[in-house]
Protein chains: 2
Amino acid sequence: MRIGELAERAGTTSKTLRFYEEQGLLPPADRTPSGYRDYAPDAVARIDFVHRGQAAGLTLAQIRQILDIRDSGHAPCEHVRDLLDARLAEIEQQIAQLTALHGTIADLRHDAAHPDPVTCSPDQVCRYL
Amino acid sequence: MRIGELAERAGTTSKTLRFYEEQGLLPPADRTPSGYRDYAPDAVARIDFVHRGQAAGLTLAQIRQILDIRDSGHAPCEHVRDLLDARLAEIEQQIAQLTALHGTIADLRHDAAHPDPVTCSPDQVCRYL
DNA sequence: CTTGACCTTCCCCTGCACTGGAAGGTCCAG
DNA sequence: CTGGACCTTCCAGTGCAGGGGAAGGTCAAG
């Protein structure tokens, strides 16, 4: 299977697959005599795994770590659990920050509910911010 | 006041102030005969405003829009309200997405609670993802 | 007169995950 | 044998908000 077909089957682009290979997410592909990349059908599963990792909010570098562990013949279970735990903590922190920011902005927006340019002194940029 | 002093007073760096000027957030500074930037004391307030805008999650481009309106002699109230409304909507959407993602990852993590490499078939990367 | 702190412009680098495009090679149908 | 679809490599850019560092000018203290 050539790169275009693989891309379509995996729901991505040729460009992205070359990028993944360059980043070490995909092993260097076999080549046809003329130099075209030639993929086995199971390459789709590996790309799907990358996509699932992305859906879980992992970076390509993290997904690559998992892949490297698997490729070295080990089970990446523990590492995956650690990554998931770290992601959960990150997300919780992000939600907390966004919630706080939402409160702050909602307050500002409340003050700005009744536009009154007259009370805006020209020497400040905006009294609502 | 020279750029280093302004930077310190405003809690930032000279580098950043030059960058802000380049981006149109600060007007081109006056220069001393030798070419040094020379700021009036009220420059601090403008940088503070930029920082407040950033604290509200606005991009420099958005803050610049507000500044441009103000500099053109108008009151930016309405524009600020629109930006705050847009930010609130964005934040709500981000929180919703993160909450959904948290649920998904928590489920994955739950499945992965009891590591059992034996049940990991080597032809899949990781049964937890 | 020199040292050191400060300033100037200039260009490149960071992280993340790609995307665009140029120049050229390959393959297959008509 | 030609056209078009596909492939190759390589270089460069995207958005965001700066940071790093070079090469050189300026200023005040000692």
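Letters A, B, ... are given to chains in the order of the sequence lines, protein chains preceding strands, and every chain is numbered from 1. These numbers come from the heavy atoms of this one structure, side chains and all, not from hydrogens, waters or symmetry mates.
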Distance check needed: [N] [atom2] versus [X] [atom1], whole Å only.
| X | N | atom1 | atom2 | answer |
| --- | --- | --- | --- | --- |
| Tyr36(A) | dA5(D) | OH | P | 14 Å |
| Phe19(A) | dT9(D) | CZ | C1' | 16 Å |
| Tyr39(B) | dT8(C) | OH | P | 7 Å |
| Glu21(A) | dC18(C) | CD | C1' | 16 Å |
| Glu90(B) | dC16(D) | CD | P | 11 Å |
| Ile3(A) | dG25(C) | CD1 | C1' | 16 Å |
| Asp38(A) | dC7(D) | CG | P | 12 Å |
| Glu8(A) | dC6(D) | CD | C1' | 13 Å |

Which of these nucleotides, [options], is closest to any side-chain atom of [X]?
| X | options | value |
| --- | --- | --- |
| Arg2(B) | dA17(D), dA17(C), dC7(C) | dC7(C) |
| Ser14(B) | dA17(D), dA17(C), dC7(C) | dC7(C) |
| Arg37(B) | dT8(C), dG25(C), dC18(C) | dT8(C) |
| Ser34(B) | dG20(C), dT26(C), dC27(D) | dC27(D) |
| Thr59(A) | dT26(D), dA17(C), dC18(C) | dA17(C) |
| Leu60(A) | dA17(C), dG18(D), dC10(D) | dA17(C) |

Is the closest basic N to carboxylate O distance between Asp111(B) and Arg81(A) below 4.0 Å?
->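 Looking at Asp111(B) and Arg81(A), the cut-off is not met.
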State whether [X] places a side-chain N or O below 4.0 Å from either non-bridging phosphate oxygen (OP1 or OP2) of [N].
| X | N | result |
| --- | --- | --- |
| Thr32(B) | dT26(D) | no |
| Arg64(A) | dC16(C) | no |
| Thr16(A) | dT19(C) | yes |
| Gln62(A) | dA17(C) | no |

Which is true for Gln23(A) with a 4.0 Å heavy-atom rule: it touches a base, it touches only sugar-phosphate, or it touches nothing?
->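 Nothing, no heavy atom under 4.0 Å.
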Looking at [Y], is its backbone amide N or carbonyl O close enough to the side chain of [X] to form a donor-acceptor pair, meaning the two atoms are under 3.5 Å apart?
| X | Y | answer |
| --- | --- | --- |
| Thr104(A) | Ala100(A) | yes |
| Arg87(B) | Gly57(B) | yes |
| Arg64(A) | Gln23(A) | yes |

How do Arg18(A) and Ala61(B) order along DNA chain D: which one's closest nucleotide is nearer the 5' end?
->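 On the 5' side of the pair lies Arg18(A).
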Any N or O donor-acceptor pair linking the side chain of Tyr20(B) to the base of dG18(D) at under 3.5 Å?
->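 Such a pair does not exist between side chain and base.
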What pair of heavy atoms forms the shortest contact from Ile47(A) to Ala10(A), and how long is it?
->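 The answer is CG2-CB, 3.6 Å.
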